There are 2 protein chains.
Amino acid sequence: MSTASQSGGTGLTSVPAPVVARMPGYLQALDELAAAGQQTVSSEELAGRCSVGSAILRRDLSHLDFAGRRGVGYDTVALGTAVRRFLGLDRTRRIAIAGAGRLGSAIADYAAVRFSGFELTAVFDTAPEVVGTTVGGAPVLPIEQLPAAAAEDGIEMLIIAVPAPAAQTVAEAAVAAGITGLLNFAPTMVTVPEGVHVRHVDLASELRVLAHYTAPAQPAGIDSTDLRNTRPREHAL
Amino acid sequence: MSTASQSGGTGLTSVPAPVVARMPGYLQALDELAAAGQQTVSSEELAGRCSVGSAILRRDLSHLDFAGRRGVGYDTVALGTAVRRFLGLDRTRRIAIAGAGRLGSAIADYAAVRFSGFELTAVFDTAPEVVGTTVGGAPVLPIEQLPAAAAEDGIEMLIIAVPAPAAQTVAEAAVAAGITGLLNFAPTMVTVPEGVHVRHVDLASELRVLAHYTAPAQPAGIDSTDLRNTRPREHAL
DNA sequence: CCCTGTGAACCACTTCACAGCC
DNA sequence: GGCTGTGAAGTGGTTCACAGGG
């Protein structure tokens with residue numbers, strides 16, 4: 001069985017992954033509403049802003065330790081707080097970036113890194129000419145210092161923005177340093193031991209998926225290049 | 001939030017969105033295998049490389065106009081061709097980037113943009129000092145020329161890498177120019193008319209989701225430490 | 001009434017298991 | 001024997017619709 005240990009792990013009732021994935025959207029909308037001075041939202045309105053159905057929004061929120069007011073709606077600030085806590089953002093999370101190249105620098109300067117409950121602690125790189133400089137308000141350190149800096153500053157997450165060949169090595173160093181969350185931008189799959197979370201973000205994949213949806217209808221025609229398979233299976237749809 | 005809306009104009013895709021999302025992973029693995037000289041793969045081996053089950057891989061491939069050989073496996077090159085066609089990458093797709101800032105430049109230089117079946121045709125920006133330069137091998141043009149360039153060069157997809165406040169405006173210009181696929185990196189939701197596909201890629205959301213999974217168990221409420229590698233490719237940047 | 005919260009129905013993707021072909 | 005392709009069963013997220021509180 002491949003990935004045998006996948007859902008077993010930490011036993012208890014976990015929140016479905018799709019629900020977790022929607023939470024940041026709710027949080028952003030709530031922050032905007034709160035900033036605009038709106039005190040309450042109905043599930044209908046909030047759902048509309050997030051392009052989801054109101055039923056699913058209500059069910060998602062039922063996973064939170066929070067209740068709305070029937071006949072009224074949700075308190076924007078209080079719900080935002082609840083969602084933040086759910087995401088583990090009720091305290092500031094320390095993050096670092098591996099790779100001070102163009103991508104790493106762009107990410108470092110991206111406001112979200114600093115204003116969404118995160119604190120960029122360091123950027124790691126191997127190139128001597130960038131070590132010692134500052135990127136996105138954080139010092140660029142030699143990658144050898146990752147373990148020490150991670151332990152010292154309590155870094156919990158690492159954004160991997162290095163070339164593909166270096167990604168696995170960086171990931172392993174990060175794991176060894178006690179980091180348990182990786183956001184991998186390198187176009188390579190990294191493997192990590194159980195207990196470490198990796199989210200892989202791949203521009204090429206995204207573009208390719210988009211390409212599928214923007215492709216004109218092409219019924220499989222005679223232009224087919226493979227002639228070796230004698231059975232031209234007809235697909236059901 | 002990820003794109004779930006398909007229903008392309010011609011009623012083509014009845015292929016489930018999760019299947020489409022996994023195809024790029026198969027393609028990359030197949031390309032690697034083919035480059036390594038391996039002629040056939042079993043579903044077991046290919047699935048292992050993509051961290052999915054072999055059953056799901058076989059079912060995914062059943063959506064293609066392609067057949068493997070029982071007792072042998074799949075021809076790596078031929079299957080790669082079939083997957084490429086499925087993704088609409090059997091012909092080169094023209095793309096452009098809006099925003100020649102750090103992020104836009106990083107994306108433009110990203111090899112995947114050029115070596116995965118895409119051709120970067122132009123980069124658009126408003127800043128006079130960058131217009132006229134070259135980024136990632138493509139000319140930087142004033143954003144006003146988007147419609148003309150899109151029509152002239154047959155641009156089908158646009159990567160939005162502009163500041164959030166400009167994203168919706170850019171999206172509307174793109175739609176008006178006949179572009180039907182948008183990859184939005186701006187931390188804002190853009191709304192488009194039906195028939196246009198948007199994939200939203202949000203670093204802040206990714207980090208927040210990761211924060212949830214790396215958060216220590218919480219006293220009140222539901223702790224969820226869900227390890228499942230749920231959707232290996234969904235968001236990017 | 002209005003809007004939330006949720007049991008129950010629904011649907012869609014996943015997984016199993018094996019028939020069919022190599 | 002090995003491996004694909006697929007009906008059938010299983011699972012889990014979504015949607016419905018209404019009970020229940022303000």
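In what follows, every chain begins at residue 1, and chains take the letters A, B, ... in the order their sequences are listed. On a predicted model such as this, the values are computed, not experimentally measured, just so you know.
- The residue A:R69 sits close only to the backbone: its heavy atoms come under 4.0 Å of sugar-phosphate atoms, none of a base.
- Under a 3.5 Å cut-off, the side chain of B:R59 and the backbone N or O of B:V19 do not form any donor-acceptor pair.
- Side-chain atoms of B:A55 lie closest to C:dT15 of the nucleotides C:dT15, D:dG13, C:dG5.
- When the C1' atom of C:dG5 is taken as reference, atom CZ of A:F66 falls 13 Å away, rounded to whole Å.
- Around CZ of A:R69, the count of heavy atoms belonging to other residues, nucleotides or ligands within 6.0 Å does not exceed 12.
- Put simply, the side chain of B:R59 and the base of C:dT15 share a donor and an acceptor less than 3.5 Å apart.
- Between C:dC22 and B:Y74, no contact under 4.0 Å exists linking OP1 or OP2 to a side-chain N or O.
- If you find the closest nucleotide of DNA chain D to A:G71 and to A:D60, the one lying nearer the 5' end belongs to A:D60.
- Note: CG (A:L46) to P (C:dG5) measures 12 Å, nearest angstrom.
- Listed candidates were D:dT14, C:dT14, D:dT6. Nearest to the side chain of A:P18 is D:dT14.
- For B:R22 and C:dT14, the shortest distance from a side-chain N or O to OP1 or OP2 is below 4.0 Å.
- Between the NE2 atom of A:H63 and the P atom of C:dG5 there is a distance of 13 Å, given to the nearest Å.
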Donor-acceptor pairs under 3.5 angstrom involving side-chain atoms of residues 171-179 of chain B: please list them, not counting sequence neighbours.
{"residue": "B:E172", "atom": "OE2", "partner": "B:Q168", "partner atom": "NE2", "Å": "2.8"}

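- The nearest whole Å value for the distance from the CG atom in A:L57 to the C1' atom in D:dG13 is 15 Å.
- Within the 4.0 Å cut-off from OP1 or OP2 of D:dT4, at least one side-chain nitrogen or oxygen of B:S43 is found.
- Residues from residues 30-40 of chain A placing a heavy atom under 4.0 Å of any atom in DNA chain D do not occur.
- Under the 4.5 Å side-chain criterion, counting only non-hydrogen atoms from C-beta, B:L46 is in contact with B:L79.
- Atom-to-atom, CZ of B:R58 to P of C:dC18 comes out at 14 Å; the value is rounded to the nearest Å.
- Nearest nucleotide to the B:I56 side chain, out of C:dC22, C:dT14, D:dT4: C:dT14.
- Atom-to-atom, CZ of B:R70 to C1' of D:dC3 comes out at 9 Å; the value is rounded to the nearest Å.
- Each of A:D90, A:D31, A:D65 was checked for a salt bridge (charged side-chain N to carboxylate O under 4.0 Å, His left out) with A:R84, and the lone residue meeting it is A:D31.
- Centroid-to-centroid, the aromatic rings of A:H212 and B:F86 come within less than 6.0 Å.
- Regarding A:L61, its CG atom lies at a distance of 13 Å from the P atom of D:dT14, rounded to whole Å.
- In this structure, A:E44 atom CD and C:dG5 atom P are separated by 14 Å, rounded to whole Å.
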Test side-chain contact (heavy atoms from CB on, under 4.5 Å) applied to B:Q39 and B:L33, step by step: CA-CA 8 Å; B:Q39 288 200 327; B:L33 288 168; over 6 Å; no
